Amino acid sequence: MKLWIGNIILISLAFYLFFMYSPFLVDIQVNPYSNPFRDFIGPLEENNRLSEADRLFIGELGGPESIVFHEGYLYTGLQDGRIVKIKDGKITTVARTGTACVLPLEGRKCGRPLGMRKGKDGLLYFCDAYYGIFTMNFTTGALNNILPSNVQVGGQEFKFLDDLDIDDKGNIYFTDATTKWDLSTFSYIMLENEAGGRVIRHNIHSGETEVLAKGLHFPNGIQLSKDGKSLLVCEVTNRRILRLYIKGAEKGKLEVFADALPAEPDNIRPSSSGGYWVAFGSARNSSNPLIPDRLSEYTNLKRFYGRIHIFFSDLLVKLSEFVDNFAFKAFAYRLHRGEVMFSLFNQHAIAIEFDAKGQILRSFHSPDGKFPFISEVKEQDGYLYIGSFVNPYLGRLQL
């Protein structure tokens with residue numbers, strides 16, 4: 001009996017030492033965080049307005065992440081790499097960044113269009129998380145990869161292009177969420193609380209590209225201010241929105257626009273009141289933090305879990321290439337991307353409208369999980385159109 005117990009202890013110790021300290025494994029460096037949560041009071045008071053939204057095209061749209069309107073059509077990018085347009089209940093494929101794939105989670109093959117905008121030149125501009133920044137001709141669907149991901153800026157290639165905005169001078173301002181991970185492993189950015197994100201400017205006329213800010217914690221949505229003098233940047237893992245001045249006497253200054261937010265902010269877009277709409281996928285307040293929040297200070301435990309997760313998920317992905325089984329392959333890719341962690345998240349989405357100074361004006365909640373993990377709210381003709389990076393439908397809520 002004693003020998004059996006001794007063997008269990010030795011095996012467990014060897015397992016722990018291997019996964020914590022082996023130099024052959026992908027490293028995880030976890031940084032603690034301690035951000036306060038607001039209570040759901042005042043303009044954040046809980047309601048069911050977001051849950052009342054219509055769910056359109058259920059099962060026909062896989063992850064309509066960002067939304068642009070042009071000549072009566074709604075354009076969005078999907079998990080399988082397609083750009084589609086929608087009008088009168090009909091979905092039409094316009095373009096594709098990668099090649100057709102059976103499993104949308106094979107992002108490096110499919111491509112993954114994320115943030116998109118309509119340019120002053122009448123073209124659609126969008127980030128593909130794997131392939132770079134593209135323009136698309138609305139009429140022909142022709143794509144032009146104007147800034148490929150393998151371009152180096154500041155000595156580093158783009159790792160995870162996320163969102164963009166464009167000014168009248170041909171400057172594209174965009175976020176590169178991390179210098180370490182990519183979209184297929186984005187959950188590790190959050191696990192580590194990694195600070196490798198950047199805000200970058202690229203001029204389409206001169207070709208000049210420069211880093212405007214770095215050391216950010218998962219910069220995601222980006223929006224030019226109304227006066228064009230600053231950028232608003234959603235910093236996911238710090239649960240705040242930053243203002244980066246790009247013109248005037250304060251050029252280069254970075255300050256907090258809104259902080260202690262109730263969830264991780266995704267895309268940010270203008271509202272008709274002169275403020276901004278921001279999408280939040282997993283809201284909580286001081287009384288109901290998530291398991292990852294409670295474990296934020298236990299950095300060694302999170303590092304141990306992360307290294308185990310990467311080792312076994314990488315192994316399963318490699319095995320899935322030799323096993324002709326769709327269900328097994330789907331599980332392997334979802335495990336690798338960290339989707340199993342979604343079950344630890346409170347599926348309480350919120351759309352929040354901020355004023356021009358960062359104060360919350362109102363919020364629309366979905367506490368019942370009807371609209372989890374929203375990524376963008378786009379105001380158009382008296383409606384909010386609700387995008388998501390994972391939901392198989394598009395939302396629409398009348399204001």
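Computed from a prediction, not measured in an experiment: that's the story for all the values here. Heads up: numbering here begins at 1 and tracks the sequence.
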Is Arg269 salt-bridged to Glu353, going by a charged N under 4.0 Å from an acidic O?
no

With ring-ring contact (aromatic ring centres under 6.0 Å, His included) as the test, would you mind laying out the steps for Phe126 and Phe134 before giving the verdict?
CA-CA 6 Å; Phe126 67 92; Phe134 287 79; 5.3 Å; yes

Shortest non-hydrogen contact between Asp162 and Ala177, atoms and distance
OD2-CB, 4.3 Å

Would a distance-only check, ignoring hydrogens and angles, find a side-chain to backbone donor-acceptor pair under 3.5 Å from Asn137 to Thr139?
yes

Please list, chain by chain and in numerical order, all residues satisfying side-chain hydrogen bond (donor to acceptor under 3.5 Å, both in side chains) with Ser375, sequence neighbours excluded.
none

With a 3.5 Å cut-off and no angle check, do the side chains of Glu376 and Ser66 form a donor-acceptor pair?
yes

Say you draw a straight line from CZ of Phe69 to CG of Leu74; how long is it, rounded to the nearest 0.5 Å?
4.0 Å

Are the side chain of Asp176 and the backbone of Thr179 linked by a donor-acceptor contact shorter than 3.5 Å?
no

Could you grab the distance from atom CG of Asn238 to atom CG of Asn193, nearest 0.5 Å is fine?
6.0 Å

Take Val233 and Thr175 through the test side chain to side chain contact (heavy atoms under 4.5 Å, CB included) and record every step on the way to the result.
CA-CA 8 Å; Val233 182; Thr175 52; 4.2 Å; yes

Kindly indicate whether a cation-pi arrangement holds for Arg239 with Phe37, taking the cut-offs as under 6.0 Å to the six-membered ring centre and within 45° of the axis.
yes

Are the side chains of Val151 and Pro148 in touch, meaning some heavy atoms are under 4.5 Å apart?
yes

Is the backbone of Lys329 close enough, under 3.5 Å, to the side chain of Arg334 for a donor and an acceptor to pair up by distance?
no

Per the side-chain contact (heavy atoms from CB on, under 4.5 Å) rule, which among Val256, Val278, Asn220 passes with Ile241?
Val278

Check for me whether Arg243 meets the cation-pi criterion with Phe257, that is, NZ or CZ under 6.0 Å from the six-membered ring centre and within 45 degrees of the ring axis.
no

Apply the test side-chain hydrogen bond (donor to acceptor under 3.5 Å, both in side chains) to residues Thr178 and Glu194: give CA-CA distance (whole Å), side-chain angles for both, the deciding distance (0.1 Å), then the verdict.
CA-CA 8 Å; Thr178 172; Glu194 187 245 4; 2.8 Å; yes

Gap separating the CZ atom of Arg240 from the CD atom of Glu235, nearest 0.5 angstrom
4.5 Å

Which heavy atom of Arg284 sits nearest to which heavy atom of Phe40, and what is that distance?
C-CZ, 3.7 Å

List in chain and number order the residues that pass ring-ring contact (aromatic ring centres under 6.0 Å, His included) with Phe138, two or more places apart in sequence or in another chain; answer none if no residue qualifies.
His70, Tyr75

Rounded to the nearest 0.5 Å, what separates atom OG1 in Thr135 from atom CG in Leu147?
11.5 Å

Would the number of heavy atoms belonging to other residues, nucleotides or ligands and lying under 6.0 Å from OH of Tyr298 be above 12?
no

Heavy-atom count check: over 12 atoms from other residues, nucleotides or ligands less than 6.0 Å from Lys370 NZ?
yes

Apply side-chain hydrogen bond (donor to acceptor under 3.5 Å, both in side chains) to residues Asn48 and His365 and explain how you reach the verdict.
CA-CA 5 Å; Asn48 292 290; His365 295 240; over 6 Å; no

Please say whether more than 12 non-hydrogen atoms of neighbouring residues, nucleotides or ligands are located less than 6.0 Å from NZ in Lys251.
no

Heavy-atom pair of closest approach, residues Glu192 and Trp181
OE1-NE1, 3.0 Å

Could you go through Asp163 and Leu114, starting from their C-alpha distance and side-chain angles, then the distance that decides it, and tell me whether this counts as side chain to side chain contact (heavy atoms under 4.5 Å, CB included)?
CA-CA 7 Å; Asp163 194 22; Leu114 295 176; over 6 Å; no

Is a salt bridge present between Lys253 and Glu255, judged by a nitrogen-to-oxygen distance below 4.0 Å?
yes

Report the C-alpha separation of Lys169 and Asp167 in whole Å, then their side-chain angles, then the decisive distance to 0.1 Å, and conclude whether the salt bridge (Lys or Arg N to Asp or Glu O under 4.0 Å) test is met.
CA-CA 6 Å; Lys169 305 295 184 181; Asp167 68 13; over 6 Å; no

Classify the ring geometry between Phe364 and Trp277 as parallel (under 30°), tilted (30 to 60°) or perpendicular (over 60°).
tilted

Would you indicate whether the side-chain heavy atoms of Ser366 and Ile350 approach each other to under 4.5 Å?
no

Exam field: side chain His205 to backbone Asn171, donor-acceptor pair closer than 3.5 Å
no

Compute the centroid of each ring, for His202 and then for Tyr173, and state whether the two points are separated by less than 6.0 Å.
no

For Tyr383 and Leu399, run side chain to side chain contact (heavy atoms under 4.5 Å, CB included): C-alpha distance rounded to whole Å, both residues' side-chain angles, the deciding distance at 0.1 Å, then the answer.
CA-CA 5 Å; Tyr383 287 90; Leu399 292 171; 6.0 Å; no

Is there side-chain contact between Leu224 and Leu231, with at least one heavy-atom pair below 4.5 Å?
yes

May I ask you to establish whether Lys378 and Tyr385 are in a cation-pi arrangement, using a distance under 6.0 Å from NZ or CZ to the six-membered ring centre and at most 45° from the ring axis?
no

In Å and rounded to the nearest 0.5 Å, what is the CE to CZ distance from Met20 to Phe304?
7.5 Å

Please determine if Arg55 forms a cation-pi arrangement with Tyr393, meaning its NZ or CZ atom is less than 6.0 Å from the six-membered ring centre and no more than 45° off the ring axis.
yes

Heavy atoms from other residues, nucleotides or ligands near CG of Asp324 exceed 12 (cutoff 6.0 Å):
no

Same apolar cluster: Leu319 and Phe331, side chain cutoff 4.5 Å:
yes

Of all heavy-atom pairs between Leu397 and Leu50, which one has the smallest distance, and what is that distance?
CD2-CA, 4.5 Å

Verify the ring-centre separation between Phe280 and His348: is it less than 6.0 angstrom?
no

Tell me, do Leu216 and Leu242 make a side-chain contact under 4.5 Å, heavy atoms counted?
yes

Donor-acceptor pair, distance only, cut-off 3.5 Å: does the side chain of Arg112 make one with the backbone of Gly77?
yes

Using the ring of Phe160 (Phe, Tyr or Trp, six-membered ring only), decide whether Lys180 places NZ or CZ under 6.0 Å from its centre and within 45 degrees of its axis.
no

NZ/NE/NH1/NH2 to OD/OE distance under 4.0 Å, Asp27 and Arg307
yes

For Thr76 and Ile83, what are the C-alpha separation, side-chain angles and deciding distance, and is it a side chain to side chain contact (heavy atoms under 4.5 Å, CB included)?
CA-CA 6 Å; Thr76 188; Ile83 302 290; over 6 Å; no

Tyr188 versus Ile310: any side-chain heavy-atom pair under 4.5 Å?
yes

Euclidean distance, Glu60 CD relative to Ile91 CD1, rounded to 0.5 Å
4.5 Å

How far apart are the closest heavy atoms of Val236 and Pro265, and which atoms are they?
CG2-O, 3.4 Å

If Ile, Leu, Val, Met, Phe, Trp and Tyr residues are connected whenever their side-chain heavy atoms lie under 4.5 Å apart, and connections chain through other members, are Met136 and Val68 in the same group?
yes

Around atom NZ of Lys226, are there more than 12 heavy atoms from other residues, nucleotides or ligands closer than 6.0 Å?
yes

Exercise: identify the closest heavy-atom pair between Ser363 and Ile352
CB-CG1, 4.0 Å

Between Ser388 and Ile374 (side chain of the first, backbone of the second, donor and acceptor by atom type, cut-off under 3.5 Å), is there such a pair?
no

